[in-house]
Amino acid sequence: MVQLKVTEEQGIMEKLGILTDAAKYDVACTSSGVDRRGDGTGMGNTLAAGICHSFGTDGRCISLLKILFTNECIYDCKYCINRKSNDVPRASFTPDEVCTLTMEFYKRNYIEGLFLSSGILYHPDFTMELIYQTVYKLRQECRFQGYVHVKAIPGADPALIQKTGFLADRMSVNLELPTAESLCRLAPNKHRKNILAPMRQIQNGIHANKNELTLYRSAPRFVAAGQSTQMIVGATPENDFQIMSVAENLYRKFELKRVFYSAFVKVNEDKELPALAEGPPLLREHRLYQADWLLRFYGFTADELLSEKRPNFNIMLDPKADWALRHLELFPVEINRADYQMLLRIPGIGVKSAQRIVRARKNGALRFEDLKKIGVVLKRALYFITCGGRMMYNTKVEEDYITRNLLNVEEKLPFDKDGMTYRQLSLFDDMKVTMPPRQEDLPKTVLGQI
């Protein structure tokens with residue numbers, strides 16, 4: 001068993017402050033997407049999508065205990081705050097400390113699960129072994145049956161990744177950057193082959209486990225909630241078309257559950273990094289997430305949304321509305337006759353409302369007032385649909401006219417009232433409460449002494 005050597009005395013609360021802050025730029029965590037009931041002998045389960053969501057203004061999930069096992073790292077990635085050449089406070093948990101924090105936070109209903117990532121301490125195998133020990137203790141000794149998401153460390157022994165996969169609900173391997181060329185330039189110690197190898201291993205393991213479960217229902221589950229990855233957006237010159245093409249290939253070839261897009265935050269000074277005078281490209285990140293949704297649930301492909309001649313998304317319009325405006329020859333669509341796939345391509349109609357339309361029109365022709373009750377956003381859809389052969393208003397089916405009207409429709413963007421933000425909420429944010437807890441009370445609160 002790997003033993004972690006502690007080189008200096010640090011309290012658990014000091015480590016928690018360092019290692020939660022160090023994890024805030026890793027966005028590749030979300031709910032489990034799997035229902036797994038506890039067996040009654042332990043604590044927790046992953047019912048109702050696993051965790052109770054809470055999101056920051058930039059869309060990042062803050063509902064898990066999201067920490068690094070260590071922010072020590074042997075690599076020197078130019079974009080990373082934890083790179084070895086940076087002079088930052090360093091800390092490392094022990095497996096017992098992670099288990100203690102997870103159980104105490106869970107008991108107090110602060111969290112519903114754990115997201116555990118790590119810098120590379122000494123060697124990928126050493127780090128992966130520590131992650132495995134931690135999750136093993138959490139599952140077997142603490143009897144924690146809630147949601148656990150851990151990072152698979154590229155370059156680690158496949159046997160360690162395999163063992164960890166039988167304990168975790170979800171695993172992720174960060175792609176880091178969209179292309180191998182960019183990875184070579186900004187993360188010279190990392191190699192695309194080493195990143196894709198554990199992705200393929202996890203994919204194959206999930207398939208093998210499904211086959212085993214068909215024969216033996218009591219067989220242990222392997223990464224039941226699937227795998228995800230993360231790409232940094234804006235640190236390198238790839239356009240949106242290249243990024244979406246990479247994402248599409250990952251979904252198709254590796255069957256990922258999610259690709260996360262992280263707007264580049266300049267935390268280091270380096271000649272290879274962009275200046276970002278206007279701050280992190282959060283609006284670009286927002287458009288990529290919208291397009292990603294279209295790939296996964298709406299039947300779009302990357303080359304429908306963008307092309308080499310038109311490689312970037314329209315900042316002013318969401319990708320679906322932009323696509324519709326470039327294909328006005330397909331509109332208006334008759335709601336009472338259009339098939340399901342065409343309904344999904346109408347701005348203002350989502351997956352649920354399209355399903356409701358298909359079901360409801362079996363009972364008779366739909367009217368505009370029916371669509372509103374169903375959940376269609378008519379202020380967006382009215383330019384693209386007819387009911388019984390008539391449009392809702394006397395509307396011009398012209399690109400400029402519709403564009404002007406759509407731009408008047410308020411869209412929820414990843415900004416707060418003070419402008420752009422990328423800050424992840426701390427576990428100890430007082431959320432503007434007039435009397436925040438005293439500093440000396442925080443350790444007692446976490447450890448259950450008050």
Side-chain angles (χ1 to χ4, degrees), residues 240-241 244-245 247-249 251-252 255 257-259 286-412:
D240 294 342
F241 182 48
M244 294 313 302
S245 296
E248 187 175 51
N249 282 328
Y251 285 128
R252 186 174 65 251
E255 301 173 279
K257 289 293 185 180
R258 287 292 302 273
V259 174
H286 183 64
R287 295 293 181 226
L288 289 168
Y289 273 117
Q290 289 176 318
D292 185 90
W293 206 262
L294 297 181
L295 293 184
R296 291 189 293 133
F297 300 112
Y298 287 75
F300 283 86
T301 60
D303 56 9
E304 283 184 290
L305 298 171
L306 295 169
S307 66
E308 292 183 0
K309 292 182 179 179
R310 193 176 180 280
N312 292 306
F313 288 115
N314 186 335
I315 295 299
M316 303 303 295
L317 292 168
D318 72 86
K320 188 177 178 183
D322 188 52
W323 176 87
L325 286 168
R326 289 184 285 111
H327 294 83
L328 286 177
E329 71 278 3
L330 302 176
F331 299 100
V333 170
E334 173 53 49
I335 282 292
N336 289 295
R337 292 196 301 270
D339 62 29
Y340 176 70
Q341 291 301 324
M342 190 61 209
L343 290 174
L344 287 177
R345 292 176 175 245
I346 300 171
I349 296 182
V351 172
K352 288 185 178 180
S353 53
Q355 293 170 347
R356 290 168 183 163
I357 288 170
V358 172
R359 289 196 300 266
R361 66 190 183 186
K362 293 178 181 178
N363 301 317
L366 297 177
R367 301 167 298 173
F368 286 104
E369 50 265 39
D370 299 322
L371 297 180
K372 187 173 183 180
K373 294 176 184 177
I374 283 172
V376 174
V377 183
L378 283 176
K379 61 186 177 182
R380 301 178 68 80
L382 66 88
Y383 306 102
F384 305 97
I385 63 173
T386 59
C387 284
R390 295 184 178 183
M391 300 190 76
M392 188 172 182
Y393 302 116
N394 189 14
T395 303
K396 300 176 186 176
V397 186
E398 296 177 358
E399 184 175 353
D400 290 344
Y401 172 82
I402 297 174
T403 300
R404 286 197 303 271
N405 283 278
L406 286 178
L407 290 177
N408 289 327
V409 177
E410 184 179 354
E411 181 184 358
K412 186 178 181 181

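Each residue takes its place number in the sequence, starting with 1.
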For Val351, check side-chain contact (heavy atoms from CB on, under 4.5 Å) against everything at least two apart and list the hits.
->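 Val351: side-chain contact (heavy atoms from CB on, under 4.5 Å) contacts with Phe297, Tyr298, Tyr340, Leu344, Gln355.
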With sequence neighbours left out, what residues match Arg296 under side-chain contact (heavy atoms from CB on, under 4.5 Å)?
->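 Partners of Arg296 under the side-chain contact (heavy atoms from CB on, under 4.5 Å) test: Tyr251, Arg258, Asp292, Trp293.
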Considering only heavy atoms from C-beta outward, does the side chain of [X] approach that of [Y] to under 4.5 Å?
| X | Y | value |
| --- | --- | --- |
| Asn336 | Thr386 | no |
| Leu325 | Asn314 | no |
| Tyr383 | Leu328 | no |
| Ile357 | Val376 | yes |
| Glu248 | Met244 | no |
| Ile374 | Leu366 | yes |
| Met391 | Val397 | yes |

Partners passing ring-ring contact (aromatic ring centres under 6.0 Å, His included) against Phe384 (at least two apart in sequence or in another chain) =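 Listed in chain order: Phe331.
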Got a donor-acceptor contact below 3.5 angstrom from the Ser353 side chain to the Ile349 backbone?
->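 Judged by distance alone, no pair lies under 3.5 Å.
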So, Glu334 side chain and Ile385 main chain: donor-acceptor pair closer than 3.5 Å or not?
->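 Here the side-chain-to-backbone pair does not exist.
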Considering all heavy atoms, the nearest Leu407-Met316 contact |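 Minimum heavy-atom separation between Leu407 and Met316: CD2-O, 3.5 Å.
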Among Arg345, Arg287, Arg310, which one satisfies salt bridge (charged side-chain N to carboxylate O under 4.0 Å, His left out) with Asp322?
->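 With Asp322 as partner, Arg345, Arg287, Arg310 yield a single salt bridge (charged side-chain N to carboxylate O under 4.0 Å, His left out), made by Arg310.
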